[in-house]
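Below is one structure; the comments refer to it alone.
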Amino acid sequence: MKIGIIGAGAIAKKHAEAALKAGAEVGWVVDINPVLGHKLAAEYGAHYAESPEALWQDRSTPAVVIGVPNWLHKPFTIAALSAGKDVLLEKPMALNVQECHAISQAAEVHNRVLQVGYVHRYTGVGRIAHALVQEGKIGDAYHARANLFLRREVPGLGKWFTTKKFSGGGALIDVGVHLIDLALYLLDFPEPVQVLGQTYENFGRRMKDYDYEDMWGGPPNYDGVCNVEDAAEALIKFSGGTTLEIHVAWAGNYPSKMIPVSQMVVLGDRGGLAFELFGSEVHLTQQQHGKLVDTTLQIKEDDFFLMQFQDFLQSIALREVQGANAQQATAVQTLVEAIYESSRASEPVAMI
């Protein structure tokens, strides 16, 4: 199968590698930046174009991967779906829930596959944790906690990444959505009833005084804009009483010995599990013979971008999304918006 790739940045490279390993062919690379676009296209023997019109007309290329900045997700995805292409769309699905609904409607109207790139479902630890929960190894799950924090690593400071009208938000909509999606996936997407959230803007607002340790998309543009959060906290309550606690940060004055920097915990009435998001172990505790027994499962890490792309190909073949579908991605976006709203209002937000 031939695919087109919209966007030629770092994430596009990962998708191109995954497509090749999965047996697909990169037929097109589209990017407004000719240097990046030509480079990626040449590497994979693909056609290059600054705009996607020729790709839309190419019937030999039935699917596209969209990995452009957040504010371009809606227009490019709807255009691709309208052109009859199946789509693997990078996270977040869109800037807001309204845009998610517009994208979903386009996929339904044109009868196209739309899969969203929540790739942490495909990590070794993510897959094993999901299997353990589904098999009832921890009983009925009642609480999950997820955190991911960076000490001083606000990405793309002063560029589109920290400009709300282009990004939709900061740390929460960037990396927090991965935590929310994975937690909902493990909990089997329960229905939220209340969200209490708080966001923080302690570093980016004072860009010239911000001492950073690393920066994706650097160096900073000190003449640019930073009007998004650098950290967020949330407690989400679901029907039946299940809860989810989220902590995410691009920057914080965390002691260097504070580990792990990323972790998912799921507690059940008969056991619990924990793992680092980028780790190779799942720690499981279970009630056995009147006491708690701890087990550490060593996980062989797979190529999770490859596994995601294989699911995309399977989705196309079966005409049914195997990975994160539009409804699930919209559920993630709905919680993100509720956290932002709760922070603005300084009170919990009712979801029903």
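Hydrophobic clustering (ILVMFWY, side-chain heavy atoms < 4.5 Å, transitive): Val248 and Val119 are in distinct clusters. Connection of Phe166 to Tyr340 is established within a shared hydrophobic cluster, with ILVMFWY side chains joined at heavy-atom distances below 4.5 Å, either directly or through further cluster members. Residues Val116 and Leu182 are members of one and the same hydrophobic cluster, defined by side-chain heavy-atom contacts under 4.5 angstrom among Ile, Leu, Val, Met, Phe, Trp and Tyr. Hydrophobic cluster membership differs between Leu72 and Val65, with clusters built from Ile, Leu, Val, Met, Phe, Trp and Tyr side chains linked at under 4.5 angstrom. Both Met351 and Phe189 are part of a single hydrophobic cluster, where members link through side-chain heavy atoms under 4.5 Å apart.
The main-chain N or O of Asp174 is found under 3.5 Å from a side-chain atom of Lys91 such that the two form a donor-acceptor pair. Looking at Lys159, its side chain never comes within 3.5 Å of a backbone N or O of Gly224 through a donor-acceptor pair. Within the 3.5 Å criterion, the main-chain N or O of Gln198 finds no donor-acceptor partner in the side chain of Ser342. Counting only distance, with no hydrogens or angles, the side chain of Asp140 and the backbone of Asp269 share no donor-acceptor pair below 3.5 Å. Of the possible donor and acceptor atoms, none in the side chain of Gln115 sits under 3.5 Å from a partner among the backbone N and O of Ser315. Between the side chain of Lys137 and the backbone N or O of Leu273, no donor-acceptor pair lies under 3.5 Å. Glu229 places a side-chain N or O within 3.5 Å of a backbone atom of Leu172 that can act as its donor or acceptor partner. For Gln286 (side chain) and Gly271 (main-chain N/O), no donor-acceptor pair under 3.5 Å exists by modelled atom type.
Sorted by first and then second residue, the pairs that involve residues 108-120 and meet salt bridge (Lys or Arg N to Asp or Glu O under 4.0 Å), not counting sequence neighbours, are Asp86-Arg112. Applying the ring pair (Phe, Tyr, Trp, His ring centres under 6.0 Å) test to every pair with at least one member in residues 113-143, sequence neighbours left out, gives these pairs: Tyr118-His178, His120-His178, His120-Phe278, His130-Tyr185. The stretch residues 198-241 participates, sequence neighbours left out, in these ring pair (Phe, Tyr, Trp, His ring centres under 6.0 Å) pairs: Phe161-Trp216.
Using a 4.5 Å heavy-atom cutoff, the side chains of Pro92 and Asn70 are in contact. For the pair Leu335/Ile246, no side-chain contact is recorded, criterion being any heavy-atom separation below 4.5 Å from C-beta on. With contacts defined as side-chain heavy-atom distances shorter than 4.5 Å, the pair Val87/Ile66 qualifies. Side-chain contact between Val133 and Ile138 is present, with heavy atoms from C-beta onward closer than 4.5 Å. Side-chain contact between Phe309 and Ile3 is present, with heavy atoms from C-beta onward closer than 4.5 Å. Contact check for Tyr44 versus Val29: no side-chain heavy atoms found under the 4.5 Å cut-off. Under the 4.5 Å side-chain criterion, counting only non-hydrogen atoms from C-beta, Glu201 is not in contact with Val228. Here the side chains of Ile11 and Phe305 are in contact, with some heavy-atom distance below 4.5 Å.
Of the inter-residue distances, the one linking Leu148 atom CG with Trp250 atom CH2 reads 12.5 Å to the nearest 0.5 angstrom. Taking CD of Glu341 as the start and CD1 of Ile339 as the end, the distance is 12.0 Å to the nearest 0.5 Å. Rounding to the nearest 0.5 Å gives a distance of 10.0 Å between CG of Leu95 and CD of Glu337. Distance CD1/Ile180 to CD1/Ile236: 5.0 Å, rounded to 0.5 Å. How far CG of Leu150 is from CD of Glu213: 9.5 Å, rounded to the nearest 0.5 Å. Rounding to the nearest 0.5 Å gives a distance of 9.5 Å between NE2 of His101 and CG of Asn96.
Taking a 6.0 Å sphere around CD of Gln98, one finds it holds 12 or fewer heavy atoms contributed by other residues, nucleotides or ligands. Within a 6.0 Å radius of CZ in Arg319, more than 12 heavy atoms belonging to other residues, nucleotides or ligands are found. For Arg270, the CZ atom sits in a loose shell: 12 or fewer heavy atoms of surrounding residues, nucleotides or ligands are nearer than 6.0 Å. Counted within 6.0 Å of CD on Gln105, heavy atoms from surrounding residues, nucleotides or ligands total 12 or fewer; the atom is thus considered open. Gln298 CD: more than 12 foreign heavy atoms inside a 6.0 Å radius. Surrounding CD of Gln327 are at most 12 heavy atoms belonging to other residues, nucleotides or ligands under 6.0 Å away. Environment of CZ in Arg145: sparse, with no more than 12 heavy atoms of neighbouring residues, nucleotides or ligands closer than 6.0 Å.
For the residue pair Ala232 and Thr199, the shortest heavy atom distance occurs at CB-CG2, 4.0 Å. In terms of heavy-atom proximity, Pro192 sits nearest to Ile352 at O-CG2, 3.9 Å. Across Met264 and Leu179, no two heavy atoms sit closer than the pair CE-O, 3.8 Å. Shown here for Gln322 and Leu318, the closest heavy-atom pair between the two residues is NE2-CD1, 3.7 Å. Looking at every heavy atom in both residues, Thr61 comes nearest to Leu55 through CG2-CD1, 3.7 Å. Across Ala129 and Leu186, no two heavy atoms sit closer than the pair C-CD2, 3.8 Å.
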Show me, pair by pair, the donor-acceptor contacts under 3.5 angstrom made by side chains of residues 14-27, not counting sequence neighbours?
from  : atom 1 : to     : atom 2 : distance (Å)
His15 : NE2    : Glu90  : OE2    : 2.8
Lys21 : NZ     : Asp303 : OD2    : 2.8

**Request:** Assess whether side chain to side chain contact (heavy atoms under 4.5 Å, CB included) is satisfied between Ile78 and Ile103, documenting all intermediate values.
**Result:** CA-CA 6 Å; Ile78 291 179; Ile103 292 171; 4.2 Å; yes
**Request:** List the steps, then state whether side chain to side chain contact (heavy atoms under 4.5 Å, CB included) holds for Thr330 with Val97.
**Result:** CA-CA 6 Å; Thr330 302; Val97 171; 4.3 Å; yes
**Prompt:** Given the rule in the side chain to side chain contact (heavy atoms under 4.5 Å, CB included) test, do Met207 and Leu157 qualify, once you have shown the distances and angles that lead to the verdict?
**Reply:** CA-CA 8 Å; Met207 285 193 289; Leu157 186 59; 3.7 Å; yes
**Request:** Would you check, one step at a time, whether the test side chain to side chain contact (heavy atoms under 4.5 Å, CB included) holds for Leu313 with Gln310?
**Result:** CA-CA 5 Å; Leu313 294 180; Gln310 288 172 332; 5.6 Å; no
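Cluster partners of Leu235: none. The rule joins Ile, Leu, Val, Met, Phe, Trp and Tyr whenever side-chain heavy atoms lie under 4.5 Å apart, and it links nothing here. Cluster note: Tyr48 groups with no other residue, as no ILVMFWY side-chain heavy atom lies under 4.5 Å from it.
A salt bridge links Arg127 with Asp302: at least one charged nitrogen is closer than 4.0 Å to a carboxylate oxygen. Taking the charged nitrogens against the carboxylate oxygens, Asp181 and Arg121 do have a contact shorter than 4.0 Å, which makes a salt bridge.
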